[in-house]
Amino acid sequence: MAFVEIRDLHKHIGQTVDVRGWLYNKRGSGKIQFLQIRDGTGFVQAVMGKQDATEAEFLAASGLGIESSIEVAGEVREDKRSPIGVELTCRRLKVLQEVKDYPIQITKDVPNIDWLLDRRHLWVRSRKPHAILKVRSEAVQAIRDFYYQNGFVLFDAPVFTPASCEGTSTLFEVPYFDEKAYLTQSGQLYGESGAMAFGKVVVFGPTFRAEKSKTRRHLTEFWMVEPEVAFLELDGIMDLAESQIRFVVQRCLERCKEELKTLERDISRLEPVAKPFPRISYKDAQKRLVELKAEFEKSADPDKQKLAKDILKNGLGDDMGAADETAISMQYDRPVMIHRYPAAVKAFYMKRDPADPEYVLGVDVIAPEGVGEIVGGAQREDDLEVLLARIREHNIPMESIDWYVDLRRFGTVPHGGFGMGVERCVQWICGCEHVRETIPFPRTIYRTKP
RNA sequence: AGGGGUGUAGCUCAAUUGGUAGAGUGUCCGACUGUUAAUCGGAAGGUUGGUGGUUCGAGUCCACCCACCCCUGCCA
């Protein structure tokens, strides 16, 4: 007799099996005990009548606290009253550890998230965090499968880097023997090296940003997937982002039905990803924002009125703010792609639009429901002289980036790619209020524990 | 970094113009039950984030500090 995972119990109806796990909840009386057991793969109720086991076992069952670790043997029974369709008649109970005063309670109340994050090492056992992290696992597997199936080579970038890749963001500085190093904020430049070697590569790993962001969309440590493809231009980059996002969402819809149900996620909000994503140029977006600002100001909806105040706050022709992105994304039921931003607000490596050199061949993908930017991508500057000029303009130290310039000296070709934030993508799929719920142990400006 | 806000029982929150610190939930004990957020009865649980001030009297008013949350900016 071997241990059976709870998710497989339905295959063992009529048999006597062993199940091991933790006590999720318990009810009982002097005559019958209901032990709700979880083992990470599911939940099942083990029913122990007083006559079903020894007196000592029955007594032990009646005294068990939440999260006690146990093994039970019992007969698998079909039962319509069970949420999973089966139950165990508990014939034997072995207590591995009896637990008292488990600190996290099982209620529908939403306690202080900060208090729960202090106990994250235990909180991951609870239903909702468990479901979110399961979706994350599926999403990451989907990402890996998508790139593998499409002929990409995994090309890992270093975490220690010599200096800023973009020259804008704040980096974490770490001592490195007698010198300084920085934690990577993007593997993209390394990805470009890989693209010239393998054609299609994908960088996938943790990324660090020392910006003191304090919003529900920001982590200081997050995972980013960054495909980079030789001979791919802006339209192709947008096609790639669209099909990758679609693949990941479809996979989660197929394989995470139970988890999304646990999270009370409105699935109908995710189904429109099957349709093509709208693509709008920055210039058209600006025109649309002028209209939307006027429209929202007159709206009866107080949320829209409030939003109207912040629309185009940076001024027409400047970078788009969060309100701008929200207003545009509200016009659609699926992610929207905004392309060809002003060069002044974007990174040095983005290629200028030949049709209008004030703009770059870059694209952001804005997710619905206020999650905001989940993808940022671009066609890269592939001309040696232009790139050198950009590096000088941005005051990027040449000695830390000369290797990158080499890529334009030895067989440069048009190429590009994008970066997708895994946590923001999961945040959108799960409908999470906070991005920090989408990673097992979030790192934010004020949190490095547990 | 700027703006706004919140700190009261393990957790979620009450407490009238400044006048004896309350409930729900969880925990513990008991009863009962094919229960599933069980139910019923009882008990324990507090230096009201900290320091100082005003006052006969401060959870409440004032100052400073601490912690955290939300928004903006930066970005994924």
Side-chain angles (χ1 to χ4, degrees), chain A residues 24-37 43-50 62-63 65-66 77 79-84 87 89 99-119 127 165-166 168-171 185-188 206-226 241 306-307 309-310 313-314 318-326 345-347 364-367 370-377 418-428 433-436 438-439 444-447:
Chain A
Y24 182 72
N25 203 355
K26 181 182 74 77
R27 269 166 296 278
S29 71
K31 289 171 188 158
I32 188 166
Q33 297 291 335
F34 302 101
L35 307 176
Q36 281 165 11
I37 303 168
F43 297 82
V44 71
Q45 177 164 272
V47 184
M48 186 194 278
K50 195 158 190 174
S62 66
I66 301 302
R77 248 184 318 100
D79 196 310
K80 287 203 174 66
R81 290 166 295 198
S82 161
I84 60 164
E87 272 189 355
T89 301
V99 169
K100 291 290 173 198
D101 297 325
Y102 183 69
I104 299 175
Q105 69 189 62
I106 308 153
T107 68
K108 280 196 173 177
D109 293 334
V110 181
N112 187 327
I113 191 164
D114 197 54
W115 185 89
L116 287 169
L117 282 172
D118 284 340
R119 291 150 187 83
R127 277 193 130 101
C165 293
E166 301 188 14
T168 53
S169 302
T170 320
L171 300 173
Q185 61 161 344
S186 166
Q188 179 208 311
T207 305
F208 308 87
R209 301 275 167 93
E211 292 139 357
K212 295 188 173 178
S213 302
K214 294 183 289 185
T215 78
R216 63 195 182 90
R217 302 187 299 279
H218 286 88
L219 296 169
T220 54
E221 176 182 334
F222 64 97
W223 283 68
M224 189 152 68
V225 56
E226 297 174 283
K306 201 177 162 194
L307 194 61
K309 281 183 199 160
D310 289 332
K313 192 176 64 175
N314 295 340
D318 209 327
D319 199 12
M320 293 178 63
D324 301 329
E325 287 180 354
T326 303
V345 303
K346 289 293 182 184
D364 284 354
V365 180
I366 313 299
V371 172
E373 186 179 350
I374 57 170
V375 163
F418 63 84
M420 184 185 80
V422 169
E423 289 77 14
R424 284 196 188 167
C425 186
V426 174
Q427 182 186 8
W428 165 49
E433 188 65 23
H434 308 275
V435 72
R436 61 195 159 177
T438 64
I439 186 166
T444 62
I445 175 170
Y446 295 127
R447 179 176 292 284

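All chains are named by letter (A, B, ...) in the order of the sequence lines, taking the proteins before the strands, and each is independently numbered beginning at 1.
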Is A:F34 stacked on the base of B:rG34, meaning ring centres closer than 5.5 Å and planes within 30 degrees of each other?
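The base of B:rG34 is not stacked with A:F34 (the test needs centres under 5.5 Å and planes under 30°).
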
What's A:V422 touching, base or sugar-phosphate or nothing? Going by heavy atoms closer than 4.0 Å.
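Nothing: the residue A:V422, judged by heavy atoms under 4.0 Å, touches no strand.
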
Regarding A:G372, tell me which of base, sugar-phosphate or nothing describes its non-hydrogen contacts under 4.0 Å with the strands shown.
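Touches nothing.
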
Side chain of A:D114 (C-beta onward), nearest among B:rC69, B:rC74, B:rU35:
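Comparing B:rC69, B:rC74, B:rU35 against the side chain of A:D114, the answer is B:rC69.
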
Rounding to a whole Å, what distance do you find between A:Y24:OH and B:rU36:C1'?
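Atom OH in A:Y24 sits about 11 Å away from atom C1' in B:rU36.
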
A:R216 CZ to B:rG4 P, straight-line distance once rounded to whole Å:
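One finds 21 Å between P of B:rG4 and CZ of A:R216, rounded.
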
Under-4.0 Å side-chain N/O to phosphate OP1/OP2 contact, [X] with [N]:
| X | N | result |
| --- | --- | --- |
| A:R27 | B:rU36 | no |
| A:H434 | B:rC70 | yes |
| A:R436 | B:rC69 | yes |
| A:N314 | B:rU72 | no |
| A:R81 | B:rA38 | no |

I'd like to know if A:S213 reaches the base of B:rC74 with its side chain such that a donor and an acceptor end up less than 3.5 angstrom apart.
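A donor-acceptor contact between them is present.
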
